[in-house]
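The structure appears right after this line, and notes come after that.
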Number of protein chains: 2
Amino acid sequence: MSKRGRARGKVRLDAGSRSENNYLVKIGASTGRGIRSPDTERLRRDLHTYMAKRGLRSTEQRRLIIDTFFDAGEHITIEGLLKQVRAVDSRVGYATVYRTMKLLTESGVVQEHKFGDGFTRYELADDESHHDHLICLECGKITEFEEPLIEELQDRVANRYGFQVKQHKHELYGVCADCQKRQSSKRKSR
Amino acid sequence: MSKRGRARGKVRLDAGSRSENNYLVKIGASTGRGIRSPDTERLRRDLHTYMAKRGLRSTEQRRLIIDTFFDAGEHITIEGLLKQVRAVDSRVGYATVYRTMKLLTESGVVQEHKFGDGFTRYELADDESHHDHLICLECGKITEFEEPLIEELQDRVANRYGFQVKQHKHELYGVCADCQKRQSSKRKSR
DNA sequence: ATTATTGCAAATATTTTGCAATAAC
DNA sequence: GTTATTGCAAAATATTTGCAATAAT
């Protein structure tokens, strides 16, 4: 009865013990050009404004967590983030990471994703150009895609029902090209 | 520190204590006709075949849970289902409901949905015509919609990346027409 | 007679929280 | 000096599981 041995309230977050793949591929719409990365300068400003407005404080831990997150690849998990943070300051508690990511989420600077592997993943918000995800069920690779026509049709659907969309989730789950190749070659060799 | 008072390993599942709305609206694509309900006869046959093939047994509890589920509205939760089941036979344990819904999911007869309120919801699978969801963040109403053009574009995106789609999730979160009305009238009366 | 299933309680596992100590303002 | 923040352990909470008893085959 244990996929990972973890005592309650003891060690917690032995980061990396579960296969927590975190590939990332970014490909833009029909053209194939890369998806533009979010404007981190603006996001940092937004966050600063948000915090100032409610008297929230800039602590050493927050700065470390936020900087680490901004530098880290996207779709990072709490575990992955804490691991990186603790490489710099081992005394940071995981509650602080949770609380900081919650703050970032509430400020609108990051977006939470639950892709169904049990880990909440975080990525920088990007208001300008929305992207969605292809998630490989074999290797966990997450590929981003943009398709403005889908967004448009989606808006039209919402309109039809007088529905005001605040956010959306469009995720395709399946097998990526690499894993298909891997599978077929394995089949051949048997 | 308690949204709902629940002792560990004690009473569990005091169904109905959290606001667990479960409205349902079905509206078809551009035409506005209703979305066809799934072919329950076929699904029951599929399930029977699936169970027979692996020597799984038809017990009183399973029959009760399955019948109750087939009769119940869609997007039902474990809590809601157990509540209805216990109205007939109060001795049914929640582990049995979990296990039965897992069986149904694995057989491909039902689909799990996690709309983000912490409850897993279940609905009958419908291979013929896929539908997606509008989820109201205010009242929890779930509206189904069909948009074949989105499905087509989606397939095209997957193709572009050589990605083999097994399932997908397309959910729009926001405020439904009713709640928008309610909000604006409240604003007026103040 | 064999073995799948049930029901219970306990275990899991992610996230949240109470609280005393600390640090930012 | 006030009050937000931290870190810890414990709580919360949906789901899963070990196990002995029971029931379906």
Side-chain angles (χ1 to χ4, degrees), chain A residues 1-15 17-18 20 51-66 77-82 85-86 89-103 105-106 112-122, chain B residues 1-15 17-18 20 51-66 77-82 85-86 89-103 105-106 112-122:
Chain A
M1 192 196 260
S2 66
K3 277 184 195 163
R4 64 181 357 181
R6 214 184 239 186
R8 260 198 105 219
K10 275 292 180 68
V11 187
R12 297 300 302 271
L13 290 178
D14 39 322
S17 59
R18 196 193 277 187
E20 196 202 316
M51 291 179 71
K53 202 170 287 179
R54 27 203 103 197
L56 302 179
R57 293 168 184 178
S58 172
T59 67
E60 209 177 310
Q61 289 93 327
R62 275 188 187 160
R63 283 191 297 272
L64 172 58
I65 293 166
I66 292 167
T77 62
I78 294 285
E79 274 197 41
L81 186 53
L82 182 62
V85 164
R86 282 200 171 154
D89 181 349
S90 61
R91 294 161 311 171
V92 175
Y94 60 87
T96 305
V97 179
Y98 272 110
R99 285 190 274 229
T100 303
M101 293 317 287
K102 185 168 220 182
L103 162 64
T105 304
E106 280 164 1
E112 283 186 351
H113 284 290
K114 302 197 183 202
F115 291 133
D117 61 355
F119 298 101
T120 299
R121 291 169 186 278
Y122 300 86
Chain B
M1 192 197 257
S2 65
K3 277 185 196 163
R4 68 187 344 187
R6 215 184 237 185
R8 257 196 106 217
K10 275 292 180 68
V11 186
R12 297 298 302 270
L13 290 176
D14 40 320
S17 59
R18 197 193 277 188
E20 196 203 317
M51 292 178 72
K53 203 171 284 178
R54 28 203 102 197
L56 302 179
R57 293 169 184 178
S58 172
T59 67
E60 210 177 309
Q61 290 93 327
R62 274 187 188 162
R63 284 191 297 272
L64 173 58
I65 293 166
I66 292 167
T77 62
I78 295 286
E79 273 197 42
L81 187 52
L82 183 62
V85 164
R86 283 200 171 154
D89 181 349
S90 60
R91 293 160 313 170
V92 175
Y94 59 86
T96 304
V97 179
Y98 272 110
R99 286 190 275 230
T100 302
M101 294 317 287
K102 186 168 218 180
L103 163 64
T105 303
E106 281 165 359
E112 284 185 352
H113 285 290
K114 302 194 183 205
F115 290 134
D117 61 355
F119 297 101
T120 299
R121 291 171 184 276
Y122 300 87

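Below, read A as the first sequence line, B as the second, and so on, with proteins coming before strands; counting in each chain starts at 1. Worth knowing before you read on, the calculation uses all heavy atoms, side chains too, and leaves out hydrogens, waters and symmetry mates. Note that the structure is a prediction, hence the values are computed from the model and not measured.
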Return the value, rounded to whole Å, for the distance between atom [atom1] of [X] and atom [atom2] of [N].
| X | N | atom1 | atom2 | answer |
| --- | --- | --- | --- | --- |
| Leu103(A) | dA4(D) | CG | C1' | 12 Å |
| Tyr94(A) | dT6(D) | OH | P | 15 Å |
| Ile78(B) | dG7(C) | CD1 | P | 14 Å |
| Arg121(B) | dT15(D) | CZ | P | 11 Å |
| Arg99(B) | dT16(D) | CZ | C1' | 9 Å |
| Phe115(B) | dA14(D) | CZ | C1' | 17 Å |
| Asp89(A) | dA23(C) | CG | P | 12 Å |
| Arg86(B) | dT6(C) | CZ | C1' | 13 Å |

Which of these nucleotides, [options], is closest to any side-chain atom of [X]?
| X | options | result |
| --- | --- | --- |
| Gln61(B) | dG7(C), dT5(C), dA9(C) | dG7(C) |
| Tyr98(A) | dT14(C), dA23(C), dT16(D) | dT14(C) |
| Thr59(A) | dT5(D), dA4(C), dA9(D) | dT5(D) |
| Ala95(B) | dT6(C), dC8(D), dA9(C) | dA9(C) |
| Arg57(A) | dT5(D), dA24(D), dA9(D) | dT5(D) |

Does a side-chain heavy-atom distance below 4.5 Å link Glu60(B) with Arg63(B)?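 Heavy-atom side-chain distance check passes, below 4.5 Å.
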Are the side chains of Ile78(B) and Thr120(B) in touch, meaning some heavy atoms are under 4.5 Å apart?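 No, side chains not in contact.
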Please figure out whether Leu56(B) or Lys114(B) has its closest DNA chain D nucleotide nearer the 5' end. Lys114(B)
Mark yes or no for a side-chain to base donor-acceptor pair under 3.5 Å between Arg91(A) and dT6(D), with no hydrogen or angle criteria applied.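 Flag unset: no donor-acceptor pair detected.
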Can you find an N or O donor on one side and an acceptor on the other, under 3.5 Å apart, linking the side chain of Arg62(B) with the base of dT5(C)?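 Donor-acceptor pair under 3.5 Å: no.
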Would you call the rings of Phe115(B) and His113(B) parallel, tilted or perpendicular if under 30° counts as parallel and over 60° as perpendicular?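 The rings of Phe115(B) and His113(B) lie parallel, inter-plane angle below 30°.
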What's the spacing between Met101(B) CE and Ile66(B) CD1 if we round to 0.5 Å?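 The distance works out to 8.5 Å.
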To the closest 0.5 Å, what do you measure between CZ (Arg62(B)) and CZ (Arg99(B))? 9.0 Å
State whether Thr120(B) places a side-chain N or O below 4.0 Å from either non-bridging phosphate oxygen (OP1 or OP2) of dT15(D).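 So the side chain of Thr120(B) is within the cut-off, an N or O lying under 4.0 Å from OP1 or OP2 of dT15(D).
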Any side-chain N or O of Lys102(B) below 4.0 angstrom from OP1/OP2 of dT16(D)? yes
